[in-house]
Chemist: 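Have a look at this one.
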Amino acid sequence: MKNGFRQSMAWLHTWTGLLVGWLLLLIFMAGTASYYREEISRWMRPELPRSTVSADDAAARAIAFLQHKAPQAESWNVTLPDARNPAMRMFWRNPESMVKPPAEGEKRRRRGGGRFGDATVDPTTGKEVTARETRGGDFFYRLHFDLHYIPVVWARYLVGFCAMFMLVAIITGVITHKKIFKDFFTFRPQKGLRSWLDFHNVSAVMALPYHAMITYTGIVTLMFMYLPWGVSSAYPKDEDAFFSEAFARMADIESPGQGSAVALPIQQLMDSARKHWNGADVAGFTLYRPGAANAVIDLHQRDGKRLSVDTPSLRFNAVNGELIEASPTAGGATVTRGVMYGLHLARFADWGLRALFFLSGLIGCLMVASGVVLWAVKERPKHAKSGKTGFGLRLVDALNIGAVAGLPIAFAAYFWGNRLLPVQLADRSDAEINVFFYAWAASLLAAFIWPKRLMWAWQLYVGAAMFALIPAINALTTHAHLGVTLLQGDWVLAGFDLVMLAFGAVLAYCGLRMQRWQPALSAAEKKRRQQAAVAAEASA
């Protein structure tokens, strides 16, 4: 312990934040971008059409497409279009007997050539859309808890470790600041260390409830991975049974199809589901054993305004329309877990609330970034007395530049890769991700070579230029640019380009401030200069 309890909490706050701060910044930035994963995915696939057809018409065209594309499949899974995702995404599972092993030296085809197939379909025409291969916004979603290039299990343990450190940093930060509400309104510019501390305090207090919620619920989402012993003890032979019971799931369909029969029109089945749900809409469906006399269909309710991520489902006999089963009523613990998960994902949020979540996430990024920079600012005067910069400070300076200024370059490079890589490039989605990490690695390398203040300004300027040029590159490579999307009122695509311009402007401003910034004089330096001035005046 230090001199007192608060001093001990301040020490713990500093080191829990610093040790994982740079990885936390990546997690926060990727998670914040994930609030608009659907919009990002749509921008990164400009070939996808806009659609305003009803869910019933879209479902009918999906059935017709699958009857032609995968008539012998064991199951069809269809996600219907909505306001954020205008295209239909569908998957099917082929019988094992239809799967041909790849020839020697040949890779199994990823679409339609193996056990599973998938397609993206225009709900207006019912025809498959040929769009560029990309992970879109799903890359950021997976990145913020699976990272990349390392095994998923280890990545999630690492992310959970960082989240626990973040939670400790939040709690100790609250304990440390006696005047937490006053700190919300206090910012003193041009005061050196005091200004950095004020900025860190303001960014932390401004969205404190969000920071605590998003960190805690992030840990809860993977609680069965971090604490599996209870499930293993209660269900030693069949852990899947626990998840089926705990999460109120319907039993899987395992038996094969028998006979043949014509299923009821999908619109009739959807109407039955809406009536059962008191008007709630259908998000998608899974049809098992299509074309068989014992075909069944699961209809899934759209999220709507539900806080919980767990949505109800209904299972009907697809031939006679009889309701076979409804998803069981969840218990209190399951509902609590579903609400925690739902708060973390924010699928319930409308455009205004989603924007508030996004802004709170950006403030969280600023809080983490200012925290790691603050440590370096506090340590630099100690090293200045000795006349040389120690290895620890140099390492932190390089990591700060490479993470705080370099990560925006990587994000912008990912979007550049989507527009500039050849559309027919093999493994194109992986190539886009590689562009992200190549750009980040280049920023880190430059920071380690020359971790100086001017490197901050250069990297911020590079990030600003890359973000600002995204709309221009979009206009040169696609027909979905601002000149078209603004006139059509397509605010998803237009909004993306405008936000990129805004990010570019903010980074340019930060680069300018960093270029012109001069560290404030310490009290000792001010006193020394005053004494020198007095002595010079006396001698004159």
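None of these values were measured; they are calculated from a predicted model.
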Chemist: Roughly how far apart are Ile253 CD1 and Asp298 CG, rounded to 0.5 Å?
Modeler: 6.5 Å
Chemist: Enter the distance from Leu482:CG to Leu487:CG here, rounded to the nearest 0.5 Å.
Modeler: 10.0 Å
Chemist: Are any side-chain N or O atoms of Asn294 and backbone N or O atoms of Pro256, one a donor and one an acceptor, separated by less than 3.5 Å?
Modeler: yes
Chemist: Do Val53 and Arg61 have side chains that approach each other closer than 4.5 Å (heavy atoms only, starting at C-beta)?
Modeler: yes
Chemist: Can any side-chain N or O of Ser308 pair as donor or acceptor with the backbone N or O of Val335 at less than 3.5 Å?
Modeler: no
Chemist: How are the rings of Phe145 and Tyr141 set to each other: parallel, tilted or perpendicular (split at 30° and 60°)?
Modeler: perpendicular
Chemist: Below 4.5 Å, heavy atoms only, C-beta onward: do Phe140 and Phe436 meet side chain to side chain?
Modeler: yes
Chemist: If we count only N and O atoms by modelled type, under 3.5 Å, do the side chains of Thr311 and Gln301 hold a donor and an acceptor together?
Modeler: no
Chemist: Say whether His300 and Thr286, considering side chains only, have a donor N or O and an acceptor N or O under 3.5 Å apart.
Modeler: yes
Chemist: Side-chain contact test, heavy atoms from C-beta onward, threshold under 4.5 Å: evaluate it for Phe348 versus Arg306 and give yes or no.
Modeler: no
Chemist: Given Glu74 and Arg115, is the side-chain contact (heavy atoms from CB on, under 4.5 Å) satisfied, shown in steps?
Modeler: CA-CA 10 Å; Glu74 294 178 348; Arg115 182 74 159 138; 3.6 Å; yes
Chemist: So do the side chains of Val78 and Leu66 get within less than 4.5 Å of each other, counting heavy atoms only?
Modeler: yes
Chemist: Looking at Arg315 and Glu325, is there a salt bridge between them, counting it only when a charged N and a carboxylate O are closer than 4.0 Å?
Modeler: yes
Chemist: Evaluate whether atom OH of Tyr438 has more than 12 neighbouring non-hydrogen atoms of other residues, nucleotides or ligands under 6.0 angstrom away.
Modeler: no
Chemist: Heavy-atom distance under 4.5 Å between the side chains of Met225 and Tyr157, does that happen here?
Modeler: yes
Chemist: Check this for me: Tyr216, atom OH, are more than 12 non-hydrogen atoms of other residues, nucleotides or ligands nearer than 6.0 Å?
Modeler: no
Chemist: Specify the closest pair of heavy atoms between Ala163 and Thr215, including all atoms of both residues, with the distance to one decimal.
Modeler: O-CG2, 3.3 Å
Chemist: Main chain of Val404, side chain of Trp22: is a donor-acceptor contact present, judged purely on distance under 3.5 Å?
Modeler: no
Chemist: Leu147 vs Leu23, test: side-chain contact (heavy atoms from CB on, under 4.5 Å). Steps then yes/no.
Modeler: CA-CA 10 Å; Leu147 305 179; Leu23 184 55; 4.1 Å; yes
Chemist: At their closest point, which heavy atom of Pro408 faces which heavy atom of Leu507, and how far apart are they?
Modeler: CB-CD1, 3.9 Å
Chemist: Show, in sequence, the C-alpha distance, side-chain angles and deciding distance for Ile470 and Phe503, and conclude whether the side-chain contact (heavy atoms from CB on, under 4.5 Å) test is met.
Modeler: CA-CA 11 Å; Ile470 286 174; Phe503 281 155; over 6 Å; no
Chemist: Roughly how far, to the nearest 0.5 Å, is the OG1 atom of Thr334 from the OH atom of Tyr341?
Modeler: 14.5 Å
Chemist: Quick one, Met223 and Tyr226 - any side-chain contact, counting heavy atoms below 4.5 Å?
Modeler: no
Chemist: Can you tell me how far apart NE2 (His481) and CG (Asp497) are? Round to the nearest 0.5 Å.
Modeler: 10.0 Å
Chemist: Looking at His148, I want to see if its NE2 is surrounded by more than 12 non-hydrogen atoms of other residues, nucleotides or ligands under 6.0 Å.
Modeler: yes
Chemist: For the residue pair Trp416 and Val435, establish whether any side-chain heavy-atom pair is separated by less than 4.5 Å.
Modeler: no
Chemist: With rounding to the nearest 0.5 angstrom, report the OG1 to CD distance, Thr125 to Glu128.
Modeler: 10.5 Å
Chemist: How close do Ala292 and Val319 get, heavy atom to heavy atom, and via which atoms?
Modeler: O-CG2, 3.9 Å
Chemist: Has the side chain of Asp427 got a donor or acceptor atom that lies under 3.5 Å from a matching backbone atom of Asp430?
Modeler: no
Chemist: Measure across Leu287 and Pro290 and return the closest heavy-atom pair with its distance rounded to 0.1 Å.
Modeler: CD2-CB, 3.8 Å
Chemist: Which heavy atom of Ala273 sits nearest to which heavy atom of Val282, and what is that distance?
Modeler: CB-CG2, 4.3 Å
Chemist: Tell me, please, whether Trp43 has Arg419 positioned over its six-membered ring: NZ or CZ under 6.0 Å from the ring centre and within 45 degrees of its axis?
Modeler: yes
Chemist: Exactly one of Arg45, Arg135, Glu432 should register a side-chain hydrogen bond (donor to acceptor under 3.5 Å, both in side chains) with Asn418. Which one does?
Modeler: Glu432
Chemist: Is a side-chain donor or acceptor of Arg428 paired with a backbone partner of Pro422 at a separation under 3.5 angstrom?
Modeler: yes
Chemist: Measure the acute angle between the ring planes of His344 and His144, then classify it against the limits of 30° and 60° as parallel, tilted or perpendicular.
Modeler: parallel
Chemist: Got a donor-acceptor contact below 3.5 angstrom from the Tyr414 side chain to the Gly136 backbone?
Modeler: yes
Chemist: Can you list the steps and then say if Leu359 with Tyr35 is a side-chain contact (heavy atoms from CB on, under 4.5 Å)?
Modeler: CA-CA 10 Å; Leu359 291 174; Tyr35 286 127; over 6 Å; no
Chemist: Taking the six-membered ring for Trp, is the centroid-to-centroid distance between Phe496 and Tyr36 below 6.0 Å?
Modeler: no
Chemist: Should Pro46 and Arg132 count as side-chain neighbours, where that means a heavy-atom distance under 4.5 Å?
Modeler: yes
Chemist: Checking the side chain of Trp76 only, and the main-chain atoms of Ala62 only, is there a donor and an acceptor separated by less than 3.5 Å?
Modeler: no
Chemist: Once rounded to the nearest 0.5 Å, what's the spacing between atom OG of Ser272 and atom CG of Leu299?
Modeler: 8.5 Å
Chemist: Ser41 side chain to Gly137 main-chain N or O, any donor-acceptor pair under 3.5 Å?
Modeler: yes
Chemist: For Pro86 and Pro123, which heavy atoms make the closest approach, and how far apart are they?
Modeler: O-CG, 3.2 Å
